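Since this is a predicted model, take the numbers as computed values, not measurements. Just the heavy atoms: all of them, side chains too, but no hydrogens, waters or symmetry mates, feed the values below. In what follows, chains carry the letters A, B, and so on, assigned in the order in which the sequence lines appear, proteins first and then strands, with residues in each chain numbered from 1.
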2 protein chains.
Amino acid sequence: MAYHHGDLRRVLLEATAEAIEENGVAALSMRDLARRAGVSHAAPTHHFGDKAGLLTAFAAEGYEQLAQELAGGSFLEMGVAYVRFALTRRAQFEVMYRPDLYHADDPALVAARAKSAEALYDRAEHGNQKSAGDGIQSDARNGNQKDARITGQAGWSIAHGFATLWLSGAFPDRDQDPIALARALFQELNRAPEDLNRTPEDVDRGPEEPDPDELDRDPEA
Amino acid sequence: MAYHHGDLRRVLLEATAEAIEENGVAALSMRDLARRAGVSHAAPTHHFGDKAGLLTAFAAEGYEQLAQELAGGSFLEMGVAYVRFALTRRAQFEVMYRPDLYHADDPALVAARAKSAEALYDRAEHGNQKSAGDGIQSDARNGNQKDARITGQAGWSIAHGFATLWLSGAFPDRDQDPIALARALFQELNRAPEDLNRTPEDVDRGPEEPDPDELDRDPEA
DNA sequence: CTCCAATCTTGTCGCTGTAAAGATTGCTCC
DNA sequence: GGAGCAATCTTTACAGCGACAAGATTGGAG
């Protein structure tokens, strides 16, 4: 174990995920990470400045990974991918949404976070290419960007809420497949939003001409 | 500041909320609470055993309060009440859903948590008395308890997800009224679930006779 | 009035994060 | 190839933390 470890930074980030998954983020300790990496207790500080710095890098990496896994697929599949990410990369997920743990204004982190948020809203806005009947659909048909954001935030909320509730053990069906349950919950999202009486501010937002690439409205039911 | 403080336990619980709202739960310190209460550093331990014990009592109190604020009102209003609770009693809310911070098997806490969960599911099951057209409705019309649980979990998820995302600053519209935004998101929940093709296991769950107290199905759209 | 149990204090221990200063190494430039 | 330099890691030190043990103080029951 020489002075130059090779890629201590990377090793520490992986040890972070490991440690959090084992003992929770509250019990995370820099010195424990150093021990796991076989390095002196002050070595981690050199790479990340302080504990918040470590978690900043950890969260930023998480946002990058999330943005990547969110790319492609329908709106519904994006929700599924969101939940899958939360359950698979549990440690990253838990840190990402606890901004009191890291430097929330770090440029790299802000950029990564914006990237994944963009994926979320983009899908809500540009609609759902291939899953007519999936349960989650976009509001792009009326070209209303505000509705798209509402749709995106609703989908984000239900996916995020399910993931956190599941992870915290709040749901009773612990033996069930969480992904299947998540799909069932997504079905509860609006499928026929044309009966939503929109508020006046929504309407004057733009002309209501139907979208040319409207292809996800199926006449069933 | 005599030996018998009066109601140190209560004072400490209130100081806990204060400290968490100021510096986040990660920075919470028993010794700081003692300082706030004007008491020696070991006094809190006597009342709660350890830090996890303090947070156990704190979370249990939170679940009690939540159950209380969830009582009464429509299914939609319950969602609103949930969000309002999360934003108002932020410290309690943050601790409640971090079971790694407290003794999750504590009897008092388990009871309190069950009480609020019961309120959630009950409303989903027994339906929505007064808000036909509110956007969230129960599935009780087909007497299917599984659907009711799905409905309840979907509502819980979207409310919980919105609350946590809002609190973590994930949404861009920080200036907007969060309660109004929450209402808008709840509108995205299913209003016409009769077009949901239910799976076979759902169907054989019981006879499909319509509920006698069916009163929230409006024929619009 | 006495005694006891509840309450709070004091002192101590090992652990933590952070900072400062020193040791070792690899790389660059001459 | 050798000097110097910057990056990397170690060592040492310190204050704050949670937890424990032992002692001081108090209110109330008998």
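- Taking atom CG on Leu12(B) and atom P on dG18(D), their separation rounds to 13 Å, with Å as the unit.
- Taking atom CG of Leu33(A) as the reference point, atom C1' of dT18(C) lies 15 Å away to the nearest angstrom.
- Checked against a 6.0 Å centroid threshold, the rings of Phe58(B) and Phe48(B) do not count as neighbours.
- Under the side-chain contact (heavy atoms from CB on, under 4.5 Å) test applied with Pro44(A), the options Val11(A), Val39(A), Leu54(A) reduce to a single match, Val39(A).
- DNA chain D is contacted by Ala43(A), His46(A), His47(A) of residues 43-52 of chain A, taking any non-hydrogen atom closer than 4.0 Å.
- The backbone N or O of Gly53(B) lies less than 3.5 Å from a partner atom in the side chain of Asp50(B), making a donor-acceptor pair.
- Take the nearest nucleotide of DNA chain D for Met30(B) and for Arg9(A): the residue whose nucleotide is more 5' is Arg9(A).
- A side-chain N or O of Gln153(A) and one of Tyr121(A) form a donor-acceptor pair less than 3.5 Å apart.
- Distance, Asp7(B) CG to dT7(C) P: 10 Å, rounded to whole Å.
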Just list the side-chain donor-acceptor pairs under 3.5 Å for residues 15-28 of chain A, sequence neighbours left out, or say none.
{"unit_1": "Thr16(A)", "atom_1": "OG1", "unit_2": "Leu12(A)", "atom_2": "O", "d": "2.8"}
{"unit_1": "Glu18(A)", "atom_1": "OE1", "unit_2": "Arg36(A)", "atom_2": "NH1", "d": "3.2"}
{"unit_1": "Glu22(A)", "atom_1": "OE1", "unit_2": "Arg36(A)", "atom_2": "NH2", "d": "3.0"}

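- Ring geometry, Tyr97(A) versus Tyr63(A): the interplanar angle exceeds 60°, so the pair is classed perpendicular (tilted spans 30 to 60°).
- For His160(B) and Phe162(A), the ring centers are positioned 6.0 Å apart or more.
- Remark: of the listed residues Gln92(B), Lys115(B), Arg113(B), Lys115(B) is the sole one forming a side-chain hydrogen bond (donor to acceptor under 3.5 Å, both in side chains) with Glu64(B).
- Following rounding to the nearest Å, Asp32(B) (CG) and dA15(D) (C1') show an atom-to-atom distance of 15 Å.
- Protein atom CG of Leu101(B) is 14 Å distant from nucleotide atom C1' of dG18(D), rounded to whole Å.
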Return the polar atom pairs (N/O with N/O) between nucleotides 11-15 of chain C and the protein under 3.5 Å, or none.
{"unit_1": "dG11(C)", "atom_1": "O6", "unit_2": "His41(B)", "atom_2": "NE2", "d": "2.8"}

